[in-house]
J.: 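Have a look at the structure that comes next, please.
Keep in mind that the numbers below use all heavy atoms, side chains included, and drop hydrogens, waters and symmetry copies. Chain naming here is simple, since letters A, B, ... match the order of the sequence lines and numbering starts at 1 in each.
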2 protein chains.
Amino acid sequence: MANHKKESFTHREQDLAAFAKALSHPARIAILKVLSQKNECICGEIVEVLPLAQSTISQHLKELKIAGLIDGTVDGPRSCYCINWKAFEKFSAEFNSLFNNLKIRNEKACC
Amino acid sequence: MANHKKESFTHREQDLAAFAKALSHPARIAILKVLSQKNECICGEIVEVLPLAQSTISQHLKELKIAGLIDGTVDGPRSCYCINWKAFEKFSAEFNSLFNNLKIRNEKACC
DNA sequence: ATCTTATATCGCAAATATACGATAAAGGAA
DNA sequence: TTCCTTTATCGTATATTTGCGATATAAGAT
């Protein structure tokens, strides 16, 4: 039984892990780059740029949306996605906080 | 066929994704915290602190090691793990670089 | 040599993730 | 209305992750 015990950890750890997970696939990082480079909301342009099928891109977009990193609104027959800067800033700040927290403690390598 | 097409992306994207993946489980974040809080190399203490079986912790440690975030040396019958600060700094810097790169482009939300 | 302790690895089960083609849904164009 | 375009979702196949118990391994203790 693959009892995924993620609940046993702190909320903070779970949130950070979820953010990291959203960024844990190169396609999703590439998607974020595309979204950030355009001032307009993009839809199928991502499909043209990335070497993945339309349905696969759609799935990655869904995961980024669930993670809260992007917003998506329906715009006629097409969809409009863009980065949720507020969530993104919040997460990157928390990430840096983790980094700094780790760094502060132990500077002398012990092995 | 679950052809994992990660190779089709840039090295940078792959590296960042791999780093994010290492941090994509709360147990691994918790392990890094434990390692950073101790000045001595820890081994089984992690098992006592976290709600996971010894074999599971060992597996997470292995993944962190493969990702390059920690070093491990055998010290008699026990193992000694600690954070590889050099790798850690490098990755956190690259991450921040990604964050900043994304932020620079598009400040006006479009949807 | 035998026992104990600490850790890694194996084998397995279940859950998730990745990817794609096919199809559905929704709106614009003819 | 009927087509076309765009995107989401379904179904499916395969790969990877997560987790645990059992076992192997390796070194110190007795």
J.: Distance criterion of 3.5 Å, no angle test: do you see the side chain of Gln59(B) paired donor-to-acceptor with the base of dA8(C)?
T.: no
J.: Could you check how far NZ of Lys65(B) sits from C1' of dA8(C), rounded to whole Å?
T.: 10 Å
J.: Classify the side chain of Gln54(B) and the base of dA6(C) as holding, or not holding, a donor-acceptor pair under 3.5 Å.
T.: no
J.: Taking DNA chain D as the partner, which of residues 18-30 of chain A come within under 4.0 angstrom of it by heavy atom?
T.: none
J.: Specify the closest pair of heavy atoms between Ile31(A) and His60(A), including all atoms of both residues, with the distance to one decimal.
T.: CD1-CB, 3.7 Å
J.: Taking the side chain of His60(B) as heavy atoms from C-beta outward, which of dT9(C), dT18(D), dC20(C) is closest to it?
T.: dT18(D)
J.: For the atom pair CD1 (Ile83(A)) and CG (Leu102(B)), what is the distance rounded to the nearest 0.5 Å?
T.: 5.0 Å
J.: Should the pair Phe95(A) and Phe95(B) be assigned to parallel (<30°), tilted (30 to 60°) or perpendicular (>60°) ring geometry?
T.: parallel
J.: State, to 0.1 Å, how close Ala87(B) and Gly68(B) come at their nearest heavy-atom pair, and which atoms those are.
T.: CB-O, 3.3 Å
J.: Write down the distance between CG (Leu50(B)) and C1' (dC20(D)), rounded to a whole number of angstrom.
T.: 16 Å
J.: Take atom NZ of Lys6(A) and atom P of dT17(D), then tell me their distance rounded to the nearest Å.
T.: 12 Å
J.: Is Glu89(B) salt-bridged to Lys103(A), cutoff N-O under 4.0 Å?
T.: yes
J.: Rounded to the nearest angstrom, tell me the gap between atom CG in Leu61(A) and atom P in dC20(C).
T.: 14 Å
J.: Which nucleotide sits closest to the side chain of Tyr81(B): dC20(C), dA8(C), dA8(D)?
T.: dA8(C)
J.: Could you tell me how far apart Lys62(A) (NZ) and dT16(C) (P) are, to the nearest whole angstrom?
T.: 14 Å
J.: Across the strands shown, which category fits Ser79(A) at heavy-atom distances under 4.0 angstrom: base, sugar-phosphate, nothing?
T.: sugar-phosphate
J.: For Ile66(B) and dT18(D), give me the distance from atom CD1 to atom P, rounded to whole Å.
T.: 12 Å
J.: Could you tell me how the ring of Phe19(A) sits relative to the ring of Phe91(A): parallel (under 30°), tilted (30 to 60°) or perpendicular (over 60°)?
T.: parallel
J.: Mind calculating the distance between CG (Leu52(B)) and C1' (dC20(D)) to the nearest angstrom?
T.: 10 Å
J.: Taking the nucleotide of DNA chain D with the nearest heavy atom to each, does Gly44(A) or Phe9(A) sit closer to the 5' end?
T.: Gly44(A)
J.: Report the nucleotide, chosen from dA19(C), dT9(C), dG21(C), that has the shortest atom-to-atom distance to any side-chain atom of Ser55(B).
T.: dT9(C)
J.: If only atom types and distance count, is the side chain of Arg78(A) paired as donor or acceptor with the main-chain N or O of Ile42(A) below 3.5 Å?
T.: no
J.: Tell me whether the OP1 or OP2 atom of dA8(D) has a side-chain N or O from Ser58(A) closer than 4.0 Å.
T.: yes
J.: Looking across every strand, which nucleic acid part, if any, lies under 4.0 Å from Glu63(A) by heavy atom: base, sugar-phosphate, or nothing?
T.: sugar-phosphate
J.: Starting at CD1 of Ile57(B) and ending at P of dT17(D), how long is that distance when rounded to a whole Å?
T.: 18 Å
